[in-house]
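Everything on this sheet refers to the single structure shown next.
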Number of protein chains: 2
Amino acid sequence: MNTLSYGLLSLLNKSPRSGYELMQQIQLFWPARHSQIYPLLAKLQEAGSVEFIIVPQSDKPDKKVYSITQAGKNLLREWISQPTADPINRDELMIKIFCISLTNLNQAELLLSQRECYYRNKLLFLNEKIERISLLAGAPLESLSMHNPSFGSYMLVKKAILNTESNLEWCKWAAMMLRNS
Amino acid sequence: MNTLSYGLLSLLNKSPRSGYELMQQIQLFWPARHSQIYPLLAKLQEAGSVEFIIVPQSDKPDKKVYSITQAGKNLLREWISQPTADPINRDELMIKIFCISLTNLNQAELLLSQRECYYRNKLLFLNEKIERISLLAGAPLESLSMHNPSFGSYMLVKKAILNTESNLEWCKWAAMMLRNS
DNA sequence: TTAACCATGTAATCTGTTACATGATTCA
DNA sequence: TGAATCATGTAACAGATTACATGGTTAA
């Protein structure tokens, strides 16, 4: 059981999903490729933490829809009470910015504007996401209770939005610092 | 040449350092252990990107002090102009918060307060760091030019501070959301 | 007709963590 | 006396990425 396994269980704890859907939806809090997810799902199934049914589809390929078992829920609950590892952030851009004096102003401005664009798109995506959560929750988001099924998603997306906004702010500040050079 | 290698080169581009010092100083932008760094330094040296001298110390163990070579600088400069990978963030806490409804309010509040404490300490550390940069730079930080040797560090620490503040903000907001449950 | 999306899987490789190994100095 | 810091290295293992493999549908 590694962290990604718990991530998969946490999604399945909300509702049954296929491996493909899990792969798409876990990106926001634990980036992973399908080649990592499919073998883990098989292991979780062998261990009795999840089970699946094959759902035939006419327009698309058939899919395996996984559900969490009671054993899986217990595992997840136990894990929550164990010590939490520190967050890990790795960003190539910060290395490049750190030694930006090796290149010229244009290069530096390009790097920053590309990243600003990335964060802008991310914000658009996150705002769409929060609107979808709002519709699903059926209540004003600010008054959501911990037991509302949408609560977890809201907390997650809210954090992603705050972080992305602070990153955008930094991009603008950094570009300004460059222009004043 | 992987990203960590460029991270090491970017530090050596500022000034010569030992493997041990590199290990400590790279944590802020690319977390890595000494067991990853020492073999990479050996490879970089074989490739002619860095060189080292052994500096004997009386009170502490002798150390290898590495410097970047011209070839290393060229490598680094070329790398900056190549496409930049998206940033990667992984945080166990977000998985736990996502399925927090499995546990009780106390558990949830504990998780958040522990993380808040972590971010508070990080902020203290970063503020100390920025003061040291300020002393070193010998000029008001807000007017630092791109070619000042402290510019890169300032950009880096500034981003870390903005991010940590936004994370702290989220922690407080999330705790409030819980209390209103 | 070409690319994108849906859908699942395995193999090879690279990256990162934990553990093993050694040994001096300093501080509580 | 025991823990922490300085200092460098290797080995084993776990985690993550890229590439290989297959094949249908849909929209530009």
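Each chain gets a letter, A, B and so on, in the order the sequences are listed, and its residues count up from 1.
- The side chain of A:S35 approaches D:dA19 more closely than any other nucleotide in the set D:dA19, C:dT18, D:dT8.
- Checking A:S134 against A:R132 by side-chain atom types alone, no donor-acceptor pair falls below 3.5 Å.
- The distance from atom CZ of A:R17 to atom P of C:dT8 is 14 Å, rounded to the nearest whole Å.
- The A:R90 side chain lies nearest to C:dG16 when the options are D:dT25, C:dC6, C:dG16.
- Nearer to the 5' terminus of DNA chain D, by closest-nucleotide assignment, is the contact made by B:K64 (compared with the other of B:K64 and A:M1).
- Dashed line: the shortest gap from a side-chain N or O of A:Q36 to OP1 or OP2 of D:dG15 is not under 4.0 Å.
- In this structure, B:W30 does not reach the C:dT15 phosphate: none of its side-chain N or O atoms is under 4.0 Å from OP1 or OP2.
- Under 4.0 angstrom from either OP1 or OP2 of C:dA7 there lies at least one side-chain N or O belonging to A:Q57.
- Residue B:H34 places its side chain closer to C:dA19 than to any other of C:dA19, C:dG16, D:dT18.
- At D:dT8, one or more side-chain N or O atoms of B:Y38 fall inside 4.0 Å of OP1 or OP2 (strictly under the cut-off).
- A:N2 and A:S5 share a side-chain donor-acceptor pair at under 3.5 Å.
- Using modelled atom types, one finds no donor on one side chain facing an acceptor on the other under 3.5 Å when comparing A:N127 with A:E131.
- Of the listed nucleotides (C:dC6, D:dC6, C:dG9), C:dC6 has the atom at the smallest distance from the side chain of A:Q24.
- Note: CG (B:D59) to C1' (D:dT5) measures 11 Å, nearest angstrom.
- For the pair B:K60 and C:dG23, the criterion of a side-chain N or O lying under 4.0 Å from OP1 or OP2 is not met.
- One atom, CZ of B:R33, and another, P of D:dT8, lie 18 Å apart when rounded to the nearest Å.
- Counted within 6.0 Å of NZ on B:K14, heavy atoms from surrounding residues, nucleotides or ligands total more than 12; the atom is thus considered enclosed.
- Residue side chain B:T3 does not reach the base of C:dT15 through any donor-acceptor N/O pair under 3.5 Å, judged by distance alone.
- OP1 and OP2 of C:dT8 both lie 4.0 Å or more from every side-chain N or O belonging to A:Y20.
- Distances were taken from every side-chain heavy atom of B:N2 (C-beta onward) to each of C:dT15, D:dT18, D:dA16; the shortest belongs to C:dT15.
- A cation-pi geometry, defined here as NZ or CZ lying under 6.0 Å from the six-membered ring centre and within 45° of its normal, holds between B:K158 and A:W173.
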